[in-house]
Amino acid sequence: MAIHVEDDLAEQTVPPAGGWGSIKSVVTYLTRELVPAAALKALAVQNKTGGFMCVSCAWAKPEHPHTAEFCENGAKATAWELTSKRRTPEFFFQRSLSELESWTDHALEEGGRLTAPMRWDPATDRYVEVSWERAFDEIAAELKKIDPQQAVFYTSGRASLEASYLYQLFARAYGHNNLPDSSNMCHESTSVALPKSIGVPIGTVWLEDFRHADCILFFGQNVGVNSPRMLHDLQDARRRGVPIITFNPMVESGLKFFDNPQSPHDMLLPGHTQVSTQYLQVRPGGDIAALAGLCKYLIERDDAALADGGKRVLDTAFIAEHTHGFDDLAAVLRELDWRDIEYESGLARVDLEQAAATYAAAKAVIAVYGMGLTQHREGVSNVNMLVNLLLMRGNIGRAGAGICPVRGHSNVQGQRTVGITEKPKLAPLDKLKELYGFEPPRTPGRTTVKTCAGVIDGEVKAFIGLGGNFLRAAPDTRRLEDAWRRLRLTVQVATKLNRSHVIHGEVAYLLPCLGRSEFDRQASGLQIVTTEDSTGHMHASHAVAEPASTSLLSEVAIVAGIAQRTLPANPRLTWREWTDDYALIRDAIAKTWPEIFHDFNERMDTPGGFPRPNAARERHWKTENGKANFSVPARWTAASDDAVSHEAGVLRLVTVRSDDQFNTTVYSDEDRLRRVQGRKIVLMNGEDMADAGLEPGSLAALSTVFGDGIQREVAGLRVIRYDLPRGCLVGYFPELNALVPLGHHAKESEVPAGKSIPVRVRAMQLAGAVAS
Ligand SMILES: Nc1nc2c(c(=O)[nH]1)N[C@H]1C(S)=C(S)[C@@H](COP(=O)(O)OP(=O)(O)OC[C@H]3O[C@@H](n4cnc5c(=O)[nH]c(N)nc54)[C@H](O)[C@@H]3O)O[C@H]1N2
Ligand SMILES: Nc1nc2c(c(=O)[nH]1)N[C@H]1C(S)=C(S)[C@@H](COP(=O)(O)OP(=O)(O)OC[C@H]3O[C@@H](n4cnc5c(=O)[nH]c(N)nc54)[C@H](O)[C@@H]3O)O[C@H]1N2
Ligand SMILES: [Mo]
C-alpha cells in the first residue's frame, strides 16, 4: 500500500504536527501543571548554549538556535519537571502502597514531584520519610550482604554524563557489569549493527548534513511526536525541493504535513507543508524486504548500464576502495524474486522502484530511523540492510549523507559513551584499573532481558534504578511484577512516583533527586552537568529553576553517597570531592577517554556542542577488516520466524507512543495527531476487523502466540478502524507490554521486539453492543 502525497493533499485525514493545535496544547498544559512563572523563562533558554538541555528527546541542539528552540513535547517535559505539584511524605502517610497499586500510571505521576527520601515500612505498608544518611547506610549494608553479581544497576537515559560516569565506576568497583540502560530496550540493535558494518557505534550524520542532503529516507521514526525539533531541518530541506521518502505502516501526521508554529507564513496560509513526497505503508517487519527491493533495483539498473555503456548507478569506486562483501550481497539480490519482496514488505514493486529511482538520482542521502527498525526480532539485520543501501552509492562519509539513528532519551547515547554498558569489551576496564587501582570485573553483565530473567528466576537480588520505570518499560509485565516483589532490595532514584516504586522489594527505598532544570548547589558552588545528543555532540546544561524541595539531592550526590558507604576506602575514588565539584568528574572522564573528552571543562559550552570523533564520517573504518561491510540478511522479514507466528489468523501487533506521553509517563489519554482518545485501544485495518467479527467500538482481547506455554492476554481493548496494512495491529506501550514475551527480542542485541508481536484477536462481545 502506498500513498503519493501529491494525489492526496485534498483529503487530509490527519492534523499536521506543530501548528495552532500544538501551541494550544502547550498553553493548556503549562496552566494545568501550575508552572511557576519564573520557570517559564526556562523555555526561553531551552536547548541553547548557556541554557539547559531539554529532558525530552536527544535530537541535536543547533549552533544557531531558533528563537524558541523547543517543541510542544519538550515544553511539556519541562513543565512536567517544573510543576508546582508535590508528592510529600504526608501523601504517603495517608495511603498504603497496595492502595496506590490500583492507581493508573497517569494518576501516580501526575501528583507532582517527590520531596523527601523514603523507606517502605512493612508494618503499615507505607513509604515513610528517612534521613539521607540512614538510607545510604542501610542500602550499603544490604549491598554488602550479597554477591555483587546479584545486583543490577539500571539507568534510564536521562542522568548526566557526570552521574552516569560515577554510577558505572561504582558498579565496577563494587564488582559487576550489570549495567543495563534504557538503550537495551531501544537502540541497542544500532549499537550492535553499526560497529561491525561501519566501525562506529553511533550515527554518522551531523546537523549540518541536513543542509546538504538532496534526499532523505525515513524508516520507522515518528518525528512529529518523538523528535519534533527535527521538523525544522526537514522543512528547510523540503523548501529546497529535497524529496523525503517514508516507510511506516501508519500514516503519521508529523511525517505527512508540517505547520511550523514559529513561522507566521505557515500558520496563516491554508494547506500545509508536505513532509513526505512518497509514503510507503510497509508491513511491520517488512523493511528488510523493502530495502532489498531498493538495492535490487540499483543492481539491476547498474547491470543494464554496464551492458549498454550507460551511466553507472552504483558508486563502484567507493565500493572497491572502501567496502567488503558487495559481490555476495549482489548475487543473493539478483536471485531474489520480486514476488517475495512484495509479499514480505507488503509493497508493490512499482512503488519500490519509484523510491529507488529517487534515491539513485540523489548525490547525498540521509537515512533516518527509529524504533520501527530496532525493536524487531531481526532488528540488527534491519539496520544492516539500511547500511547496505547507503554503501551502494557511497552515502556514508560524504557531506549531506549518512545514517541517522534517532536516539530516545536526552542522554542515552552519552551514558553509553561514559561506560554504562553490560559488555565488558566496550568499557575501558584497563583504564579504570590504571586510574583507580581496583580490579574491574570481566564477566559480562545483564542486559534488560537478562535482568528480567534473573529477577524471575531469583538470581537477581537487588535492583537500583537511576531513573526510569523499569517494571513498566520492560516486557512480560505480569510475570515480572510477581517476581519483582521477591527482590531483596529495590532502590529507586526518581523525580516522580511510578509503578516501579509502588511495586517493590522486601527492603525498598524511594530517593528523590533534582531534575536537570534545577539549581544544583554543592560545596564549590552552582554545578553544571553535560549530555550527548543524538548526533554525538556534547553540551553543558545550566539549570534554570529552584529545586522542587530543599530535601532533594543530585543524582551525583546520591550515587556517590551510596558508593562511599558500600566500598572499601580507596583514596583514588574521591566520592566526596567529586560531589563537591563536578568539574573534577569531567576531568576524570577526560582522563578515561582523552580522545573524546580532552579539555572537557573548557569545551563544554561550545555553541552547538563539541563533537566526538567519528571515524566513519572520515571514511576510516574501525572494523575488524578495516572496511565498511555489506552483509546478507539471514531472512527477508524482521518479524518472528517461529512457525506459530505464521499460522492463519496471527497478526502483527506494533506498540507505539502517543502524542501525549513520554515513554511510561502518560500526560493524558489523548493522541491528538492520530485523533485517538483513550489508551485501552487497538487500531485495526477494516478487513482484519471484519474477519474477526469486529466493528468500530467493539471490545477485543489480544493474546500472544509464542509457543512457550505461557498465557498472555490483554482484554477490554476498544477497536478503532485505522488506515493500516492488512495483518497489522497498533496499540500503546506500556499498556500492552504484558503481551511481549521475554523471549521475543532482537536476536543479537536483545532489544525486546515491541514492533511485531504475534497475536490473535478475539471479539469480546457482540459487535456494536458496547457504547464507546
Ligand atoms: N514526545 C515523546 N518523545 C519521545 C519519546 C516519547 O515517548 N514521547 N520517547 C523517546 C524515546 S526513549 C525514544 S526511543 C524515541 C522513540 O521514537 P520512535 O523511534 O519514533 O518510536 P515509536 O513511537 O515507538 O514509533 C516508531 C514508529 O515506527 C513505526 N513502525 C512500527 N513498526 C515498523 C516497521 O516494521 N517498519 C517501519 N518502517 N516502521 C515501523 C511506527 O508506526 C511508529 O511511527 O522517542 C524519544 N522521544
Ligand atoms: N512495548 C514496548 N516497550 C517499550 C518500548 C516500546 O516502544 N514498546 N520502548 C522502549 C524504550 S525505547 C525505552 S527508552 C524504555 C523506557 O524506559 P525508562 O527509561 O525506564 O522509562 P521512562 O518512562 O522514560 O521513565 C520515567 C520515569 O523516570 C523518572 N525520571 C524522570 N526524570 C528523571 C531524572 O531526571 N532523574 C531520575 N533519576 N529520574 C527521572 C520519573 O520518576 C519517571 O516516572 O521503554 C521501552 N519499552
Ligand atoms: Mo528509547
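Atoms within each ligand, like the ligands themselves, are counted from 1 in listed order. Keep in mind that what you see is a predicted model, and the values were worked out from it rather than measured.
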I'd like to check which ligand 1 atoms, numbered from 1 as shown, lie under 4.0 Å from a non-hydrogen atom of Met250. 42 (O)
Does a sphere of radius 6.0 Å around OH in Tyr343 hold more than 12 heavy atoms from other residues, nucleotides or ligands, not counting ones at 6.0 Å or beyond? no
For the residue pair Ala60 and Asp533, what are the closest heavy atoms and their distance? CA-OD2, 3.4 Å
Between Lys85 and Glu110, is there a side-chain N and carboxylate O pair less than 4.0 Å apart? yes
Main-chain N/O of Phe733 paired to Arg679 side chain as donor or acceptor, under 3.5 Å: yes
Ligand 1 to Ser227 polar contact by distance, N or O atoms, under 3.5 Å: no
Ligand 1-proximal atoms of Val282, by part, heavy-atom distance under 4.0 Å: side chain
Short N/O distance, under 3.5 Å, between Cys57 and ligand 1? no
Between the side chains of Gln221 and Ser227, is a donor N or O closer than 3.5 angstrom to an acceptor N or O? yes
Per-pair distances, ligand 2 N/O vs protein N/O, less than 3.5 Å:
unit_1	atom_1	unit_2	atom_2	d
ligand 2	1 (N)	Thr655	OG1	3.1
ligand 2	1 (N)	Asn737	OD1	2.7
ligand 2	3 (N)	Asn737	ND2	3.2
ligand 2	7 (O)	Gln375	OE1	3.1
ligand 2	7 (O)	Gln375	NE2	3.4
ligand 2	7 (O)	Arg657	NH1	3.1
ligand 2	7 (O)	Lys755	NZ	3.1
ligand 2	8 (N)	Thr655	OG1	3.0
ligand 2	9 (N)	Gln375	NE2	3.3
ligand 2	9 (N)	Arg657	NH2	3.1
ligand 2	19 (O)	Ser156	OG	2.8
ligand 2	19 (O)	His409	NE2	2.8
ligand 2	20 (O)	Tyr154	OH	2.6
ligand 2	20 (O)	Asn469	N	2.9
ligand 2	23 (O)	Thr664	N	2.8
ligand 2	23 (O)	Thr664	OG1	2.6
ligand 2	24 (O)	His409	NE2	3.0
ligand 2	24 (O)	Asn663	ND2	3.1
ligand 2	28 (O)	Gly468	N	3.1
ligand 2	30 (N)	Thr495	OG1	3.3
ligand 2	32 (N)	Arg158	NH1	2.8
ligand 2	32 (N)	Thr495	OG1	3.4
ligand 2	36 (N)	Glu555	OE2	2.7
ligand 2	38 (N)	Gly467	N	3.4
ligand 2	38 (N)	Val493	O	3.0
ligand 2	38 (N)	Glu555	OE2	2.7
ligand 2	42 (O)	Lys496	N	3.2
ligand 2	42 (O)	Lys496	O	2.7
ligand 2	44 (O)	Glu109	OE2	2.9
ligand 2	44 (O)	Asn498	ND2	2.8
ligand 2	47 (N)	Ala473	O	2.8

Numbered atoms and elements of ligand 1 in range of Pro249, under 4.0 angstrom, heavy atoms: 30 (N), 33 (C), 37 (C), 39 (N), 40 (C)
If I apply the N/O under 3.5 Å rule, does Phe219 come out as touching ligand 1? no
Using a plain distance cutoff, I'd like to know if Ser56 has any nitrogen or oxygen under 3.5 Å from a nitrogen or oxygen of ligand 1. no
Of all the atoms in ligand 1, which lie at a distance below 4.0 Å from a heavy atom belonging to Gly285? 34 (C), 35 (O)
Set of salt bridge (Lys or Arg N to Asp or Glu O under 4.0 Å) partners for Asp520, sequence neighbours left out: none
Those atoms of ligand 1 less than 4.0 Å from some heavy atom in Asn73: 1 (N)
Numbered in order shown, the ligand 1 atoms found under 4.0 Å of a heavy atom of Glu252 are 42 (O), 43 (C), 44 (O)
In terms of the angle between their ring planes, are Phe91 and Trp103 parallel, tilted or perpendicular, with boundaries placed at 30° and 60°? perpendicular
Fit a plane to each ring of His409 and Phe662, take the angle between them on a 0 to 90° scale, and name the class: parallel (under 30°), tilted (30 to 60°) or perpendicular (over 60°). tilted
Specify whether His504 and Tyr127 have parallel, tilted or perpendicular ring planes, treating 30° as the upper limit for parallel and 60° as the lower limit for perpendicular. tilted
Lys76 contact mode with ligand 1 (heavy-atom cut-off under 4.0 Å): neither
Atom indices of ligand 1, in the order listed, that fall short of 4.0 Å to a heavy atom of Asp287: 34 (C), 35 (O), 36 (N), 37 (C), 38 (N)
Assess whether a salt bridge exists between Asp105 and Arg499, defined as any Lys/Arg side-chain N lying under 4.0 Å from an Asp/Glu carboxylate O. yes
So Phe463 and Phe470, would you call those rings parallel, tilted or perpendicular, with 30° and 60° as cut-offs? tilted
Taking Asp660 for its side chain and Tyr667 for its backbone only, find out whether a donor-acceptor pair lies under 3.5 Å. no
Atoms of ligand 1 under 4.0 Å from any heavy atom of Asn222, numbered from 1 in the order shown, are 20 (O), 44 (O)
